[in-house]
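Order of listing sets the numbers, starting from 1, for every ligand and every atom in it.
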Amino acid sequence: MVLLGAPGCGKGTQAEIVSQRLEIPAISTGDMLRRAVEEGSELGQRVQSIMVAGGLVDDDTMAEVVRDRLGREDARRGFLLDGYPRTLDQADTLEEILAEQDRGLDAVIHLDVPEAELVRRALARQRADDREETIKERLRLYHEKTEPLIGYYEARGLLRRVDGFQSIDRVAADLLAVA
Ligand code: AMP
């Protein structure tokens, strides 16, 4: 499954809940990259300045990260992707990676939250990459690069929409109902 939504829509929180309930790993590419930066690995050094600026890490690097992660044992029964794909090219790549593994997506869930609420939540969050300029850039890139994925997955009959502007429990219940 893929969880799709703007920065600040609550994807991370919901991914953890659904992951526990369905007993499949929640795979957050943002968390993986942040860990790489903390560890100071070669990958971390490469992506650090991009992340600080709120930019997107290049598709080839992300393909490597995701191919490796989805190939691991714990993802064999299923997985919940949070933060990938973020571009149409990444969506095509994901399809290729899953085809290599003889599987495909069951559902893509769009967690829908009004723009004003996204900005409010983002400003209330405290994280190293959450400067105001960074937040704006991340939202801009979401609209430009990631939003087209909604139509992409709708055309494939995979898209489910969940109202993300409700309590955490209500959103989780709605998510599990369509997952
Ligand atoms: P997130 O925690 O998902 O908001 O991701 C934090 C940051 O990691 C993003 O602002 C990007 O710089 C980078 N990142 C995470 N996932 C991706 C992706 N699929 N493609 C490109 N960059 C990504």
Side-chain angles (χ1 to χ4, degrees), residues 1-19 25-72 75 79-98 105 108-113 115 117-153 158-159 162 164 168 171 175:
M1 251 178 323
V2 167
L3 206 48
L4 202 63
C9 76
K11 283 196 308 291
T13 304
Q14 294 299 334
E16 287 305 326
I17 297 172
V18 173
S19 152
I27 299 176
S28 157
T29 47
D31 282 352
M32 291 172 75
L33 296 176
R34 273 185 290 278
R35 217 172 302 132
V37 169
E38 272 165 33
E39 287 165 359
S41 67
E42 189 266 327
L43 170 68
Q45 292 176 30
R46 217 158 9 110
V47 303
Q48 182 166 28
S49 58
I50 299 168
M51 292 181 73
V52 169
L56 288 179
V57 174
D58 68 278
D59 290 344
D60 287 347
T61 300
M62 293 312 302
E64 218 176 291
V65 168
V66 170
R67 178 179 277 109
D68 176 70
R69 182 64 188 87
L70 290 180
R72 286 199 222 151
F79 56 84
L80 182 61
L81 273 171
D82 159 17
Y84 189 94
R86 252 179 164 92
T87 66
L88 289 169
D89 280 345
Q90 290 184 6
D92 286 336
T93 300
L94 177 60
E95 225 166 53
E96 284 167 28
I97 292 172
L98 292 174
L105 291 174
V108 175
I109 303 173
H110 175 215
L111 205 50
D112 201 5
V113 172
E115 179 87 12
E117 173 67 8
L118 292 173
V119 174
R120 195 193 65 75
R121 289 184 190 179
L123 290 172
R125 275 205 299 196
Q126 296 287 319
R127 221 170 61 190
D129 62 353
D130 274 356
R131 293 177 300 125
E132 192 170 344
E133 284 312 306
T134 307
I135 290 165
K136 283 191 185 143
E137 178 63 3
R138 295 172 80 222
L139 270 174
R140 189 188 70 77
L141 281 172
Y142 173 76
H143 289 307
E144 184 186 316
K145 307 276 190 191
T146 309
E147 229 163 31
L149 294 180
I150 294 172
Y152 175 100
Y153 285 121
L158 289 170
L159 196 79
V162 165
I168 289 176
V171 175
L175 263 173

Quiz prompt | For His143, the option from Lys145, Arg140, Glu147 that meets side chain to side chain donor-acceptor pair (under 3.5 Å) | solution = Glu147
Self-check item: Geometric N/O contact Gly54 with ligand 1, under 3.5 angstrom
Solution: no
Self-check item: N or O contact, Gly83 vs ligand 1, cut-off under 3.5 Å
Solution: yes
Quiz item: At their closest point, which heavy atom of Ala6 faces which heavy atom of Leu118, and how far apart are they?
Solution: CB-CD1, 3.4 Å
Quiz item: What about Ser28: any of its N or O atoms under 3.5 Å from an N or O on ligand 1?
Solution: no
Self-check item: Of the listed options Thr29, Val52, Leu33, closest to atom 14 (N) of ligand 1 (non-hydrogen atoms)
Solution: Leu33
Practice problem: Start with the C-alpha gap between Asp31 and Asp82, add the side-chain angles, then the distance that decides, and say whether side-chain contact (heavy atoms from CB on, under 4.5 Å) holds. | Solution: CA-CA 9 Å; Asp31 282 352; Asp82 159 17; 5.8 Å; no
Quiz item: Restricting to pairs with a member in residues 35-45, which pass salt bridge (Lys or Arg N to Asp or Glu O under 4.0 Å), not counting sequence neighbours?
Solution: Glu42-Arg46
Self-check item: Ile168 versus Gln14, closest heavy-atom pair with distance
Solution: O-NE2, 3.2 Å
Quiz item: Of all the atoms in ligand 1, which lie at a distance below 4.0 Å from a heavy atom belonging to Gln90?
Solution: 18 (C), 19 (N), 20 (N), 21 (C)
Quiz item: Considering distance alone, does some N or O of Arg86 sit under 3.5 Å from an N or O of ligand 1?
Solution: yes
Self-check item: Where at least one partner belongs to residues 85-97, residue pairs that pass salt bridge (Lys or Arg N to Asp or Glu O under 4.0 Å), sequence neighbours excluded
Solution: Glu95-Arg156
Self-check item: For Pro85 against Ala91, the heavy-atom pair lying closest together
Solution: CB-N, 3.5 Å
Quiz prompt | Backbone or side-chain N or O of Tyr84 under 3.5 Å from ligand 1 N or O | solution = no
Quiz prompt | Non-hydrogen atom of Arg34 closer than 4.0 Å to ligand 1 | solution = yes
Self-check item: Contact partition for Met51 relative to ligand 1, non-hydrogen atoms under 4.0 Å
Solution: both
Quiz item: Measuring from the heavy atoms of Gly55, does anything fall under 4.0 Å of ligand 1?
Solution: yes
